[in-house]
Amino acid sequence: MQTDDADLYDVVVIGGALSGAATATLLLRQNPGIRILIVEKSAKLTRRVGEATVEVSAYFMGRVLGLTKYLNESHLVKQGLRFWFKNDDVKTIAEASELGGRYQVRLPSYQLDRAAFDEEVLRRACIAGAELLRPASVTKVDLVPGGEQSLTLRHGEDTRTIRARWIVDASGVAATLARKNGWWRSNTEHPTAAAWSRWTGVKDWDGHDLAQKYPNWASSVHAVRGTATNHIIGDGWWSWWIPLKGGDMSVGVVFDQRLVDWPEEGGSIGERLKAFLMKHPVARELLADAEFQPDDVHWRRNLAYYSTTFAGDGFVLVGDAAAFMDPFYSPGMDWISYTTSRAAHLITAQRSGESMDTAVALHNHDLALSHRSWFEALYKDKYEYMGEWDLMTLAFRLDLGFYYLCIVSQPFRLGPTALLTLPFSQPISRPFFHLIRTYNRRFAQIARRRRDINALGKTNRGNRCLIPGYTMGAGDAWVIGKALARWAWLELSEGWHTWWNRSASSSHVAPEPTAAPCEPSVLSTIPS
Ligand SMILES: Cc1cc2nc3c(=O)[nH]c(=O)nc-3n(C[C@H](O)[C@H](O)[C@H](O)COP(=O)(O)OP(=O)(O)OC[C@H]3O[C@@H](n4cnc5c(N)ncnc54)[C@H](O)[C@@H]3O)c2cc1C
């Protein structure tokens, strides 16, 4: 084992993927001359999940990291989110109820091949001045509050000890510091699991084949469907369809283990994934000639977890090393945008002589509050109702509206410093947290009752809600107001059944849902 002064750094980053390389980049900009070492386990970054950006992460990559030109040249411009539903009467893609935009999106976002993208962010961090050691793995960390941290790492046959004033843990799901220090917790309220792969030969959403077969379906939307993140949804599960530059498609299923029995037998995980998807008529259409890539099939149980500590005087956790919530709506890289911005800010504050006691306490408070509130407001029990076209349409219009009004608008108005304020962490955002949590809980309760009385999926055939999109302007509040009014009508027409007795149903007659989730201007019904 060897150590010398060359092994003393200002910051050592564990993990050289997006979180690690982005934090290093921000630190190098804020602290010229700072000595940063990035330790990365792999010799070459491989494809990983987390391929769809949304508006905040796209802002971070484009405008903060300065990658807009690279993103436009080497990845795909994304066209929002699109959802496809089914019930037993849906036989073709043209009959499946649809939710999405009628037109192209208004703000930038991208579909990334993370193997190429993360390598590029890492390459730029090194050009900016970071040192990189790879393939090398951090095996031990000794934290010394306010002092010199020490890390043991394996690099080939060597074992080295490195010292640093700060450690940034960007080790992703390995969550090195959280696990080693007993801070890691599984989020047992949210038992999701996922299987995924990259596929070749997936049918073109916008191609001649489907347009010829279903001309009305093809012409009903003016946007490009294929570069959206398409979500093919069932009861308790959803799948993502993310196109990658060059033609491969990332397709994976996420499900709530309380609601879905994943086939434990029936071939390899890839074969079971395909068999599972083929039960959905939309997926069946698209996967007819498709093959998953057998060396690129993945499976993960119990996706949601968090660390009870996010920082101390000498260490800070970023990205997946800090927490992971749920991939629905692609919040993973938004979380990276906030946590890396806050981590760089914390370290820079210490180097400028600020007291760490208050700064670390505030960091831990804000991240814990934001993560918990974000989860409770948007994800807790969402899988109960996400397979219902009408409920999901209302939820999506509200979730997206509040995302634009309260979250996305902030960096566009205030600049990158807005990324230092985490969602739901400030008193002004708490009423929105309570409102979002309330309607999501209510939709879950309404869906639970429908499940009890065998009335799921009634609106999943023949409906299309094509929303015009939000603008971050005052008009958004009006659109949100209309959606809230539709929620009120849903409560009066159906929700009241669950106002007093929240789990059981009083009637066993399956009702026809009475509240349309869209205004007539954005709603159309598909002729039978
Ligand atoms: C099913 C699923 C779908 C998802 N879809 C999306 C999506 O569409 N959009 C989105 O924004 N997010 C999505 N996410 C989340 C997204 O994948 C993550 O938030 C993101 O990839 C995390 O990046 P990271 O840099 O923090 O960690 P990672 O990408 O996991 O990188 C961690 C790095 O650390 C290295 N490392 C680990 N341990 C060590 C060690 N001991 N020493 C040295 N190096 C080490 C690893 O080699 C790796 O390169 C999804 C997640 C899941 C589970």
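The first residue in the sequence is number 1, and the count goes up from there. Whatever order the structure lists them in is the order used to number ligands and atoms, beginning at 1.
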Which residue supplies the protein heavy atom nearest to atom 13 (C) of ligand 1, what is that atom called, and how far is it? Gly50 CA, 3.2 Å
Side-chain donor-acceptor pair under 3.5 Å between Tyr403 and Asp334, yes or no? yes
What I want to know is whether Thr53 and ligand 1 share at least one N or O pair that is separated by under 3.5 angstrom. no
Is there a side-chain contact between Leu244 and Met249 (heavy atoms, below 4.5 Å)? no
Identify all side-chain donor-acceptor contacts of residues 410-425 below 3.5 Å with residues at least two apart in sequence or on another chain.
{"from": "Arg413", "atom 1": "NH2", "to": "Met472", "atom 2": "O", "distance (Å)": "2.5"}
{"from": "Ser425", "atom 1": "OG", "to": "Leu422", "atom 2": "O", "distance (Å)": "2.7"}

So is there a nitrogen or oxygen of Ala194 less than 3.5 Å from a nitrogen or oxygen in ligand 1? no
Distance filter under 4.0 Å to Met333 heavy atoms, resulting ligand 1 atoms: 9 (N), 10 (C), 11 (O), 12 (N)
Lys/Arg N to Asp/Glu carboxylate O, Arg165 vs Glu148, below 4.0 Å: no
Does ligand 1 have any atom sitting under 4.0 Å from a heavy atom of Ala170? yes
Counting non-hydrogen protein atoms only, what is the nearest one to atom 51 (C) of ligand 1? Give residue, atom name and distance. Phe324 CZ, 3.4 Å
Within-4.5 Å side-chain heavy-atom neighbours: Phe375 and Asn187: yes
Taking the minimum heavy-atom distance to atom 8 (O) of ligand 1, which of Ser57, Gly319, Ser330 ranks first? Ser330
Decide whether Thr200 and Glu291 meet the rule of one side-chain donor and one side-chain acceptor closer than 3.5 Å. no
Nearest neighbour in protein (non-hydrogen) for atom 38 (N) of ligand 1: Ser171 CB, 3.5 Å
Using distance alone, determine whether Asp334 and ligand 1 share an N or O pair under 3.5 Å. no
Part of Glu51 with heavy atoms under 4.0 Å of ligand 1, whether side chain, backbone, both or neither: backbone
Around atom 35 (C) of ligand 1, find the nearest protein heavy atom and jot down its residue, atom name and distance. Glu40 OE1, 3.4 Å
Please list the nearest protein heavy atom to atom 4 (C) of ligand 1 with its residue and the distance rounded to 0.1 Å. Pro327 CB, 3.5 Å
Heavy atoms only: which of Val138, Thr23, Asp326 is nearest to atom 41 (N) of ligand 1? Val138
Are Ala22 and ligand 1 in contact, using a heavy-atom cut-off of under 4.0 Å? no
Numbered atoms and elements of ligand 1 in range of Arg114, under 4.0 angstrom, heavy atoms: 20 (C), 21 (O), 23 (O), 29 (O)
Please could you name the atoms of ligand 1 that Ile14 approaches to less than 4.0 Å, counting only its heavy atoms? 40 (C), 42 (N), 43 (C)
So Trp335 and His371, do their side chains get closer than 4.5 Å, heavy atoms only? yes
Give the atoms of ligand 1, by number and element, whose distance to some non-hydrogen atom of Arg300 is under 4.0 Å. 53 (C)
Atoms of ligand 1 under 4.0 Å from any heavy atom of Val39, numbered from 1 in the order shown, are 43 (C), 44 (N)
Tell me whether ligand 1 is touched by Leu45 - counting only heavy atoms on the residue side and a distance under 4.0 Å. yes
Does the side chain of Trp199 reach to within under 4.5 Å of the side chain of Gln293, using non-hydrogen atoms? no
Quick check: Phe276 with Trp196 (ring centres under 6.0 Å apart)? no
Ion pair present between Glu98 and Arg225, side-chain N to carboxylate O less than 4.0 angstrom? yes
Selection from Ala193, Gly252, Gly172 by shortest heavy-atom distance to atom 27 (O) of ligand 1: Gly172
Residue part near ligand 1, for Ala136, under 4.0 Å between non-hydrogen atoms: backbone
Do Ser307 and Trp184 pass the side-chain contact (heavy atoms from CB on, under 4.5 Å) test, and can you show the C-alpha distance, the side-chain angles, and the key distance before you say yes or no? CA-CA 5 Å; Ser307 174; Trp184 190 93; over 6 Å; no
May I ask you to test the Asp326-Leu303 pair for a side-chain heavy-atom distance under 4.5 Å? no
Distance from atom 25 (O) of ligand 1 to nearest protein heavy atom, with residue and atom: Ser19 N, 3.0 Å
Atom indices of ligand 1, in the order listed, that fall short of 4.0 Å to a heavy atom of Ala52: 7 (C), 8 (O), 9 (N), 10 (C), 11 (O)
Arg185 NZ/CZ over Tyr306 ring centroid, <6.0 Å and within 45° of normal: no
Do Phe433 and Ser373 make a side-chain contact, defined as non-hydrogen atoms from C-beta onward lying under 4.5 Å apart? yes
Part of Ile336 within contact of ligand 1 (heavy atoms, under 4.0 Å): side chain
Residue, atom name and distance, where the atom is the protein heavy atom closest to atom 17 (O) of ligand 1: Val49 O, 2.7 Å
Looking at ligand 1, is there an atom of it that comes within less than 4.0 Å of some heavy atom belonging to Trp240? yes
List for me each residue that meets side-chain contact (heavy atoms from CB on, under 4.5 Å) alongside Ser74, sequence neighbours excluded, and say none if there are none. Tyr70
Would you say the rings of Phe255 and Tyr383 are close, in the sense that their centroids are separated by under 6.0 Å? no
Protein residue, atom and distance nearest to atom 29 (O) of ligand 1, heavy-atom basis: Arg48 NH1, 2.8 Å
Is Asp320 close to ligand 1, meaning an N/O of one under 3.5 Å from an N/O of the other? yes
